[in-house]
Amino acid sequence: MHKLRIGTRKSQLSRKQTDMAIEALQKAHPDLEVEIVPFQTRGDKILDKPLWELSNKGKGVFASEFEEMILNDEIDIAIHSGKDLPVFLAEGLEIIGVLKRDDPRDVLVMPKGRKPEEVKIIGTGSLRRQQCAAEIFPWAECKLIRGNIQTRLQKLMNGCFDAIILAKAGLDRLGITEADGYTFRILSPEEFLPAACQGIIVAEGRPELAEFVGTMTHEETKYLFETEREVLMQLNADCSEPAAVFAELQGEHIRLRVIYGKKSAEGTAPVADRLKLAAELAREMKG
């Protein structure tokens with residue numbers, strides 16, 4: 001293959017993530033030509049409703065239209081944030097490339113000089129973040145915010161919110177730091193468990209391209225991705241559910257933590273048994 005048609009959302013972050021995937025692919029395939037096919041998804045267009053109101057069970061509002069484009073031979077692969085995937089992919093499609101995980105943590109972003117204890121209104125579009133924020137910042141109220149990172153930061157600086165919660169990986173990829181006029185309160189996984197596959201960029205496509213596109217894959221991250229995704233699939237939990245899942249490699253073992261609704265569980269297993277561990281913890285959540 002000498003030319004790859006790559007579908008991506010139109011935001012600056014999505015384009016940056018696509019560029020990262022292209023760079024990884026071209027390291028393995030120096031002669032590869034790419035055609036970037038930008039597309040505005042339903043989730044990008046409808047910004048006045050929370051994602052869980054847009055989601056049909058198992059259908060990702062940022063991914064399903066790209067799946068149709070692949071199946072209609074309009075593009076070869078789509079680049080996604082791992083946490084935006086539907087619970088179950090369209091028939092005939094697979095995740096065929098997984099980049100090395102970036103920082104999986106969340107960040108409470110405030111205007112420069114503001115302290116967390118001064119925050120009254122927190123902007124977030126995630127049920128998981130709402131639930132975690134209520135425990136860590138019980139004095140604050142969460143209100144809906146939608147849009148890309150720049151839109152959310154502008155709303156913050158316009159005074160619509162006292163703080164917003166964003167993924168650290170997205171801020172890092174765009175080069176946004178405290179020097180740009182913000183104060184960051186980094187939220188560790190110990191206190192604020194990340195969304196499944198947060199910080200992971202993936203490529204979705206037909207299995208026939210798996211060998212070619214798989215050259216971008218970071219194997220250790222793939223183990224984490226598969227484990228966290230297995231929990232979501234066992235629970236059938238999409239963005240309409242307050243679910244948090246986080247796996248870490250510890251030598252030859254994998255540690256897995258899950259929060260689903262008000263329940264939580266964790267466990268450790270050999271890496272080879274990672275999917276079995278995911279299924280066991282999911283059963284605990286459903287029990």
Side-chain angles (χ1 to χ4, degrees), residues 43 50-64 80-90 94-95 98 101 103-106 122 124-138 142 144 165 167-169 187-200 202 204 220-250 252-287:
L51 290 175
W52 55 88
E53 289 187 10
L54 301 180
S55 172
N56 295 319
K57 193 71 174 179
K59 295 298 289 181
V61 295
F62 296 120
S64 58
H80 304 294
S81 293
K83 66 184 180 67
D84 290 338
L85 290 169
V87 176
F88 298 101
L89 304 182
E94 299 176 359
I95 297 304
V98 181
R101 185 175 224 163
D103 196 325
R105 298 174 297 177
D106 288 292
I122 297 174
T124 178
S126 158
L127 288 173
R128 172 190 64 87
R129 286 173 173 160
Q130 285 184 22
Q131 182 171 298
C132 292
E135 295 183 10
I136 299 176
F137 311 112
C142 286
L144 177 67
I165 301 175
K168 182 68 163 56
L187 302 166
S188 75
E190 302 301 328
E191 61 180 347
F192 207 101
L193 204 65
C197 309
Q198 185 159 300
I200 302 175
V202 301
E204 182 180 14
E220 292 183 355
T221 298
K222 183 180 179 182
Y223 296 152
L224 303 176
F225 174 81
E226 291 172 342
T227 305
E228 294 172 11
R229 286 276 298 165
E230 182 67 19
V231 174
L232 294 185
M233 288 187 284
Q234 291 284 339
L235 292 173
N236 196 16
D238 65 359
C239 64
S240 67
E241 310 282 359
V245 187
F246 186 57
E248 298 173 279
L249 288 176
Q250 299 178 334
E252 298 299 315
H253 288 72
I254 194 164
R255 179 191 182 196
L256 179 61
R257 285 174 279 172
V258 181
I259 296 175
Y260 186 61
K262 296 297 183 181
K263 294 183 178 181
S264 63
E266 73 170 86
T268 303
V271 171
D273 295 331
R274 61 191 181 278
L275 300 185
K276 185 185 300 184
L277 173 64
E280 289 172 358
L281 293 191
R283 279 196 296 272
E284 282 189 44
M285 296 296 96
K286 291 189 286 188

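Any value given below was found using the heavy atoms of this structure, including those in side chains, with hydrogens, waters and symmetry copies removed.
- Heavy atoms only, all atoms of each residue included: Ser264 and Ile259 are closest at CB-CG1, 4.0 Å.
- The existence of a salt bridge linking Glu220 and Arg101 is excluded, since no basic side-chain nitrogen approaches an acidic carboxylate oxygen closer than 4.0 Å.
- For the atom pair CG of Leu275 and OH of Tyr223, the computed distance is 11.0 Å after rounding to the nearest 0.5 Å.
- Arg257 has a carboxylate O that lies under 4.0 Å from a charged side-chain N of Glu190, or vice versa, which qualifies the two as a salt bridge.
- Taken to the nearest 0.5 Å, the CG atom of Leu85 stands 5.0 Å off from the CZ atom of Arg229.
- No side-chain donor-acceptor contact under 3.5 Å links Gln131 and Glu135.
- Looking at heavy atoms from C-beta onward, Pro194 lies out of side-chain contact with Arg105 at the 4.5 angstrom threshold.
- Atoms CG and CD1, on Leu187 and Ile136 in that order, are 5.5 Å from each other to the nearest 0.5 Å.
- Smallest separation of non-hydrogen atoms from His80 and Ala63: CE1-CB, 3.7 Å.
- Formation of a donor-acceptor pair under 3.5 Å by the Ser81 side chain with backbone atoms of Lys83 is not found in this model.
- Here the closest non-hydrogen pair linking Ile95 and Glu204 is CD1-CB, 4.0 Å.
- Remark: the backbone N or O of Ala247 is paired with a side-chain donor or acceptor of Glu228 at under 3.5 angstrom.
- Closest approach of Ser126 and Arg129 over heavy atoms only: OG-N, 3.0 Å.
- Counting heavy atoms from C-beta on, the side chains of Asp273 and Ile254 never come closer than 4.5 Å.
- The nearest pair of heavy atoms linking Leu235 to Lys286 is CD2-CG, 3.6 Å.
- Going from atom CD of Glu280 over to atom CG of Leu277 covers 6.0 Å, rounded to the nearest 0.5 Å.
- Distance CD/Glu266 to CG/Leu256: 9.0 Å, rounded to 0.5 Å.
- The two atoms that bring Gly125 and Leu144 nearest to each other are CA-CD1, 3.9 Å, heavy atoms only.
- Using a 4.5 Å heavy-atom threshold, the side chains of Thr227 and Glu230 count as separate.
- Taking the charged nitrogens against the carboxylate oxygens, Glu226 and Arg274 do have a contact shorter than 4.0 Å, which makes a salt bridge.
- Taking 4.5 Å as the limit, every side-chain heavy atom of Val231 sits out of range of all side-chain heavy atoms of Tyr260.
- The closest donor-acceptor contact from the side chain of Gln130 to the backbone of Cys142 lies at 3.5 Å or more, if one exists at all.
- Surrounding CD of Glu191 are more than 12 heavy atoms belonging to other residues, nucleotides or ligands, all under 6.0 Å away.
- In this structure, the side chain of Arg128 engages the main chain of Leu193 through a donor-acceptor pair within 3.5 Å.
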